[in-house]
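Basis for what follows: all heavy atoms, side chains included, without hydrogens, waters or symmetry-related copies. In this text, all values refer to a predicted model and were calculated from it rather than measured experimentally. Sequence positions, counted from 1, serve as the residue numbers for this chain.
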Amino acid sequence: RKNKNKVLSFYLQMLEYAFSHEYLENDADYRKCKSEIVMISSTEQDDVVQEREVLTSQQCEALVSAICDAHDKMITMLMLQTGLRFGEAVVVRVCDFDFAKMELSVSRTSSVDEYGQRKEYNRTKTRLGQRTIPLCEEFALIVASYCKAFSYKGSDLLFPSPEDGERMIPMEGSAYRRRLSRYCAQAGVPHISPHSLRRTFCTNLSEKCVTDADRIARSYIMGHSVAVDNR
């Protein structure tokens, strides 16, 4: 989609240049071409909006209840409770949690390399992505119990790949996406992507924002600049 938008933008720039330099003499042709490019671009934006599905609190509860796998349930709850990007969530380690202060430190991310393998990086997606997220007491206790149940400690990944016995490879994204789709069907909620879990958190948080200070705090928690919304 990003490449398509770049191509459409390039075509529009060429059209504007051609018309402004009188390479296009017919005004009707110019308007027709421009309207078609804008229409295609609008269709692309509509597709994006459709993917921005968010769940209600009741749907979130139904989704979590439908997940039987402990790792899938935990990562789903983590994104719903903290708004982490999927790339940030899969590389969370036990040492990132401060259970005494009920905080989660975000300082790493993961992405798929040119060979299709998910790799961990000691940086976040953006400079503002490095942050500390407060946790509610109930969820902090759930995470602590999860770590204890799987004997996770220190630098252990919370969500290792099932194929890896050393707990060094992050969970694979496409496999989780397929499982999430199945869980949505079982729970009777709209089919969503992993990123929709982050959007759900952001939407719920936005509803609680009243003052400018609230909105600044929300942007910090999401790893956004203050002016950016829901990305």
Side-chain angles (χ1 to χ4, degrees), residues 1 45-92 96-97 99 102-104 106 129 131-150 152 158-159 162 170-224 228-231:
R1 180 174 292 108
Q45 293 300 319
D46 289 342
D47 291 341
V48 173
V49 171
Q50 288 176 7
E51 287 190 359
R52 292 181 178 178
E53 188 80 57
V54 298
L55 301 180
T56 64
S57 57
Q58 293 81 6
Q59 289 172 333
C60 289
E61 292 177 6
L63 174 61
V64 171
S65 297
I67 302 175
C68 55
D69 181 86
H71 297 307
D72 288 346
K73 184 186 287 285
M74 188 72 253
I75 194 170
T76 302
M77 292 179 65
L78 180 68
M79 286 189 284
L80 285 172
Q81 289 285 331
T82 64
L84 291 182
R85 298 178 176 90
F86 182 76
E88 296 169 339
V90 293
V91 293
V92 167
D96 295 328
F97 290 93
F99 293 110
M102 292 191 295
E103 294 177 343
L104 169 63
V106 183
R131 61 203 187 275
T132 300
I133 301 175
L135 305 173
C136 69
E137 182 177 2
E138 181 181 3
F139 182 64
L141 291 173
I142 291 174
V143 176
S145 298
Y146 170 87
C147 294
K148 183 177 180 181
F150 288 93
Y152 288 171
L158 261 66
F159 311 112
M171 178 187 288
E172 203 276 317
S174 59
Y176 172 71
R177 180 186 289 268
R178 289 193 297 271
R179 295 195 299 272
L180 180 62
S181 180
R182 185 172 70 248
Y183 297 141
C184 288
Q186 294 171 354
V189 303
H191 285 244
I192 58 171
S193 67
H195 195 68
S196 295
L197 300 173
R198 170 176 164 84
R199 292 192 178 281
T200 296
F201 171 84
C202 187
T203 299
N204 293 335
L205 192 60
S206 296
E207 292 174 353
K208 300 175 183 178
C209 293
V210 178
T211 66
D212 288 341
D214 293 335
R215 286 184 278 274
I216 291 172
R218 184 209 65 172
S219 295
Y220 171 79
I221 290 173
M222 298 301 296
H224 292 161
V228 175
D229 186 27
N230 272 28
R231 279 192 256 169

### Message
Heavy-atom count check: over 12 atoms from other residues, nucleotides or ligands less than 6.0 Å from R182 CZ?
### Response
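Check passes, neighbour count above 12.
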Ignoring hydrogens, what is the shortest heavy-atom contact between [X] and [Y]? Give both atom names and the distance.
| X | Y | result |
| --- | --- | --- |
| L158 | C147 | CD1-SG, 4.3 Å |
| I142 | M77 | CD1-CE, 3.7 Å |
| E53 | T200 | O-OG1, 4.4 Å |
| A89 | M79 | CB-CG, 4.0 Å |
| R85 | R198 | NH2-NH2, 3.3 Å |
| C60 | L80 | SG-CD2, 3.8 Å |

Compare all side-chain heavy atoms of [X] with those of [Y] and state whether any distance is below 4.5 angstrom.
| X | Y | answer |
| --- | --- | --- |
| L197 | L78 | no |
| V143 | L135 | no |
| L55 | P190 | yes |
| N204 | S57 | no |
| F97 | V92 | yes |

How long is the span from the [atom1] atom in [X] to the [atom2] atom in [Y], to the nearest 0.5 Å?
| X | Y | atom1 | atom2 | value |
| --- | --- | --- | --- | --- |
| R131 | L104 | CZ | CG | 8.5 Å |
| M222 | L84 | CE | CG | 8.5 Å |
| H191 | C184 | NE2 | SG | 6.0 Å |

#### Entry: Check: Y176 ring centre within less than 6.0 Å of F86 ring centre
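Yes, they do, as the ring centres are separated by less than 6.0 Å.
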### Task
Could you tell me which residues satisfy ring pair (Phe, Tyr, Trp, His ring centres under 6.0 Å) with F139, sequence neighbours excluded, listed by chain and number?
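F139 satisfies ring pair (Phe, Tyr, Trp, His ring centres under 6.0 Å) with no residue once adjacent residues are dropped.
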Identify every side-chain donor-acceptor pair in residues 64-74 under 3.5 Å, counting partners at least two apart or on other chains, and give the distances.
unit_1, atom_1, unit_2, atom_2, d
S65, OG, E61, O, 2.8
D69, OD2, H71, N, 3.1
D69, OD2, D72, N, 2.8
H71, ND1, Y146, OH, 2.6
D72, OD1, R179, NE, 3.4
D72, OD1, R179, NH2, 3.0
D72, OD2, R179, NE, 2.6
D72, OD2, Y183, OH, 2.7
K73, NZ, V64, O, 2.6
K73, NZ, I67, O, 2.9

#### Entry: Residue list, side chain to side chain contact (heavy atoms under 4.5 Å, CB included) with P134, at least two apart or on another chain
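Scan of P134 (side chain to side chain contact (heavy atoms under 4.5 Å, CB included), adjacent residues dropped) gives I221.
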